[in-house]
Protein chains: 2
Amino acid sequence: MFRNIVAQPNFSVYLMKKKEVTIYDLAKELNYSPSTISRALNNHKSIGKKTIKKIQKTAEEFNYRPNALAASLRNNTSRTIGITIPKINHPFQASLITGIEKTARKAGYNVIITQSDDKYKNEVDNVKALYDARVGGLIVSLGMETRDTSHFDQYVKQNIPIVFVDRVPENFNSYRVIIDNHAAGYRATKHLIEQGCKRIAHFAGAQHVNVYNLRKKGYVDALIDSGLQVDEELIMDMKTLSFEEGKKATEKLLKLDNPPDGIFSAIDTAAVSAILYAKEKGVKIPEELAIIGFNDDPISRIVEPTLSTVSHPAQKMGEISTKRILEHSTRKLDAAVSEITMLDTEIIIRNSSKRK
Amino acid sequence: MFRNIVAQPNFSVYLMKKKEVTIYDLAKELNYSPSTISRALNNHKSIGKKTIKKIQKTAEEFNYRPNALAASLRNNTSRTIGITIPKINHPFQASLITGIEKTARKAGYNVIITQSDDKYKNEVDNVKALYDARVGGLIVSLGMETRDTSHFDQYVKQNIPIVFVDRVPENFNSYRVIIDNHAAGYRATKHLIEQGCKRIAHFAGAQHVNVYNLRKKGYVDALIDSGLQVDEELIMDMKTLSFEEGKKATEKLLKLDNPPDGIFSAIDTAAVSAILYAKEKGVKIPEELAIIGFNDDPISRIVEPTLSTVSHPAQKMGEISTKRILEHSTRKLDAAVSEITMLDTEIIIRNSSKRK
DNA sequence: ATAATAAATGCAATCGATTGTTAGCTCAAA
DNA sequence: TTTGAGCTAACAATCGATTGCATTTATTAT
C-alpha cells in the first residue's frame with residue numbers, strides 16, 4: 001500500500017520540551033512585574049509609551065508567544081468558535097466553513113471544526129467536546145437524524161451564543177441564518193411552469209428537515225397557484241438525494257404511464273443524476289423533460305446540458321453566522337435571543353430548463 | 001439583501017454567566033478533595049471503585065463538564081490538532097480535512113482549521129495563531145507563495161510534531177505524507193502514449209511547488225522513455241490551473257500549426273475546461289485530442305466525455321497525517337524526525353482518453 | 001516649595017485541573 | 001495486640017495570563 005522511510009538524526013536532549021518564554025521571563029529580564037508586561041503586551045493605556053515599546057521589542061527578541069489557554073482560562077471566554085456540520089466535503093458546507101473561517105480569523109478568532117456525518121450521536125458528542133473546549137460561540141447545521149435539541153441547552157445556560165445555519169431546529173430560541181426555502185422552491189417550480197411544464201415531479205428530501213420540508217411546500221404551493229394538480233405519484237421521497245437515489249427515482253418516473261415533463265430536485269446531485277439517466281434513455285432535455293436543481297454545486301455547470309439551479313449564498317451565510325457570534329458579547333442580549341436572518345437566493349437558469 | 005427579525009424575551013439575570021460546575025463544587029458536595037474528584041473522573045487506579053462510581057454519577061447529575069483549557073494549561077499539552085491549508089472549499093482539501101477530523105475525533109482530539117488562501121502572510125499568521133492556541137500537532141499543506149519555512153521553526157524547538165501533506169517543503173525535517181507525483185505524472189503520460197498520442201501537451205502548475213514540479217518531470221521522463229520529443233511549446237505554464245487558464249491554454253494549443261493530440265493536465269479543473277473548449281471548437285475527444293487530468297474531482301465524472309484522471313487518496317492522507325501526530329508522543333522521536341509516507345495513486349481511465 | 005493630581009507600576013488573588021508526596025485507614029498475619 | 005501491606009484520599013504547588021486595588025513616582029498648579 002505505501003512505503004515508509006524513516007530517518008532519526010538525534011536523540012535525548014531534544015525530547016524535552018524547552019521551557020517556553022512567559023511573561024515572567026520577560027519580567028525578570030526587564031525588571032518589571034508580570035502585570036506590567038501583560039498590560040504592555042496588550043497596549044493597556046496605563047502603561048507608558050516607551051515602556052510598551054521596550055517590552056514589546058524584547059518580547060519579539062525572545063520569541064515570546066502568548067499562551068491563549070492561560071488567557072482564556074483566566075478570562076473565562078475563549079476567542080474560539082466551534083462548528084458542527086454534517087459533512088465537510090460537500091461543496092455547500094465547505095463554502096460555509098470557508099466563510100466562517102475567514103470572518104473569524106479577521107477578528108482574531110480560531111475555529112474548531114467537527115462533523116456529525118449526519119449521525120445524532122456524533123452531533124451530541126461534538127457539541128459536548130466543543131463545550132469542553134470552552135468555545136465562545138457555536139455554529140451548527142443540524143444532522144439529518146436530529147429531532148431533539150437538548151444537547152444545546154448547556155450553551156444557553158452559560159449564555160454562549162449559538163447560530164443555527166441552513167438546517168435549523170423548529171423550536172429553539174437562538175440565532176438563525178437561513179434562506180427562504182419556501183420562496184426558492186416556489187420560484188424554481190414556477191420557472192418550470194413558465195417554460196411550459198404541466199406535470200412536474202419533485203425530488204424531496206427528509207421532511208422533518210426544515211429546508212426540504214419548505215422546498216417541497218414551495219413546490220406544492222406553486223403548482224396550486226398555477227392551477228396544476230399535485231400528484232403524489234410525482235413526489236419522490238429520498239433519504240439523501242444522492243446520485244444513486246436520483247437515478248432510481250428518474251427510472252421510476254420515466255416508466256410511468258404518464259411521465260413528468262419537469263423535475264424540481266431539492267439538491268443538485270440528484271438533478272444531475274436525472275439528467276444523465278434521462279439522456280441515456282433518449283429523453284430530450286429540456287424539450288421533453290426540464291430539470292432544475294438546488295445549490296449551484298460545481299457539477300451543475302459542467303453537466304450537459306448545464307443545470308438550472310438555485311444558488312445558495314454559502315460563504316455569505318458563514319460570514320453572517322460568525323458576525324452574529326462576534327457581535328453577541330457587545331450587545332446586551334442573552335443567548336436565548338431569537339434572531340432570524342433570511343438571505344435571498346437566486347435562480348440560475350441554464351440549459352436544462354430553458355425552452356424558449 | 002436580507003430581512004432581520006429580532007425578538008428578545010427576557011433580560012438581566014440571564015446576562016450573567018452562571019457559575020460553571022467545577023471539580024471543587026463536586027468536592028464540596030461529596031466531601032472529597034478536588035484531587036480525588038479529578039482522579040475519579042479520570043478513572044485513576046488509586047481511587048476506590050465505589051468512590052469512582054459515586055463521583056461520576058454525581059458529576060453527571062450536576063452536568064459537570066471538564067474544562068479542557070485548564071487541563072491543557074496544567075499539562076502543557078492540548079488534545080488539539082491545528083491545520084493550515086490553502087483553501088477549504090476545494091474538493092481535495094475538503095476531503096483531506098474530513099479524513100483528519102474523523103481520525104482526530106476518534107482519538108478525542110479537536111481540530112482547529114485555518115486557511116491561507118495561498119498567501120504567504122496568511123500562512124505565517126495562521127501558524128503563529130495555532131502555536132498560541134498551543135496545538136499538540138500541526139498538519140500543513142503549503143501555500144503557493146511559500147518558499148521560506150522558518151515560521152515552523154518554533155514548533156520544532158518545542159518538539160511539536162508537524163506533518164506536511166501533499167504540498168511539502170524541500171528542506172525541512174518533519175513528517176511528510178505525499179503521493180508519488182513523479183510516478184503518477186509518468187503513468188498518466190504513458191497512458192496517453194499507449195492510446196496512440198504522439199504530441200502530448202502538459203498543463204503545468206507553479207514549478208517551485210513540489211507536486212507540480214514532479215508531475216511535470218514524470219511527464220517529461222515518460223516522453224523521453226518512449227522516444228517522443230519534448231516540445232516546450234506544448235508545456236503550458238499556469239499559475240492556478242483554473243478553468244479560465246485551462247481555456248486560454250487550450251485555445252493557444254489548438255491554434256498551433258501542429259496542435260497536440262493529447263493533454264495531461266496537472267489538475268482536473270483545467271482539464272475539464274479543455275474538454276469543454278475543444279468540444280466547442282469541434283475537436284473530437286478522445287479521437288483527435290485525448291485528455292487526462294489529476295485529482296478525480298467530482299466534475300471529472302460529470303463532464304462529457306467523462307475525464308480520465310489520477311486519483312489522489314485525500315481522506316486517507318488526512319487519516320495518516322493525523323496518526324503520525326497521535327503516535328508522535330508515544331514514540332521516542334523528536335519533532336525533527338524525517339519520516340516520509342508515500343501513498344499510491346490510481347489512474348482512472350474514462351472516456352476522455354480511451355481510444356481503444 | 002508644597003500640596004494636589006495624574007501617570008506608571010507592583011501585589012496578590014484568580015481561572016480549573018493535575019499530581020508528587022504525605023497521611024490516614026482497614027485488614028490480616030504473626 | 002502489633003505491625004506492615006495495601007488502599008484511599010488529602011495537601012499544596014503548578015500551569016501562564018489577567019486585573020482590582022494599592023502604592024510609588026512624576027507632573028502640575030498655586
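To find a chain, count down the sequence lines: A is the first, B the second, and so on, and within it residues start at 1.
Atom NE2 of H44(A) is separated from atom P of dC21(D) by 13 Å (rounded to the nearest Å). Rounding to whole angstrom units, CG of residue L30(A) and P of dA8(C) are separated by 17 Å. In this structure, Y24(B) places its OH atom 11 Å from C1' of dC11(D), rounding to the nearest Å. Atom CG in N67(A) sits roughly 17 Å away from atom P in dA17(C) (whole-Å rounding). Atoms CG (L26(A)) and P (dA17(D)) sit 8 Å apart, rounded to a whole Å. In this structure, I37(A) atom CD1 and dG10(C) atom P are separated by 8 Å, rounded to whole Å. Rounded to an integer number of Å, the gap from CG of L73(B) to C1' of dT14(C) is 12 Å. Atoms CG (D25(B)) and P (dG16(C)) sit 8 Å apart, rounded to a whole Å.
Ion pairing between R324(A) and E339(A) holds under the 4.0 Å rule for side-chain N and carboxylate O. A salt bridge between K323(B) and E319(B) is present, with a side-chain N of the basic residue lying under 4.0 Å from a carboxylate O of the acidic one.
Here the nucleotide nearest the side chain of R39(A), chosen from dA17(D), dA10(D), dC21(D), is dC21(D). Considering only side-chain atoms of S38(A), the nucleotide from dA17(D), dT19(C), dT18(C) that sits closest is dA17(D). With dG16(D), dA8(C), dA17(C) as the choices, the nucleotide that has an atom nearest any side-chain atom of K50(A) turns out to be dA8(C).
In this structure, I55(B) and A40(B) approach most closely via the heavy-atom pair CD1-CB, 3.5 Å. The minimum heavy-atom distance between Q115(B) and I88(B), with the atom names listed, is OE1-N, 3.1 Å.
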Q) Checking side chain to side chain contact (heavy atoms under 4.5 Å, CB included) for the pair H151(A)/T84(A): CA distance, chi angles, key distance, verdict? A) CA-CA 12 Å; H151(A) 44 307; T84(A) 297; over 6 Å; no
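T51(B) has a side-chain polar atom (N or O) that falls below the 4.0 Å cut-off from OP1 or OP2 of dA9(D).
Within the 4.0 angstrom heavy-atom criterion, only backbone atoms of the sugar-phosphate kind lie near N31(A); the bases stay farther away. Using a 4.0 Å heavy-atom distance criterion, I47(B) is classed as a sugar-phosphate-only contact.
The base of dA10(D) lies outside donor-acceptor range of the side chain of Y32(B), with no N or O pair under 3.5 Å. One can find a donor-acceptor pair under 3.5 Å joining the base of dC11(D) and the side-chain atoms of S35(B).
Each of N75(B) and S33(B) lies near DNA chain D, and the nucleotide nearest S33(B) is the one positioned closer to the 5' end.
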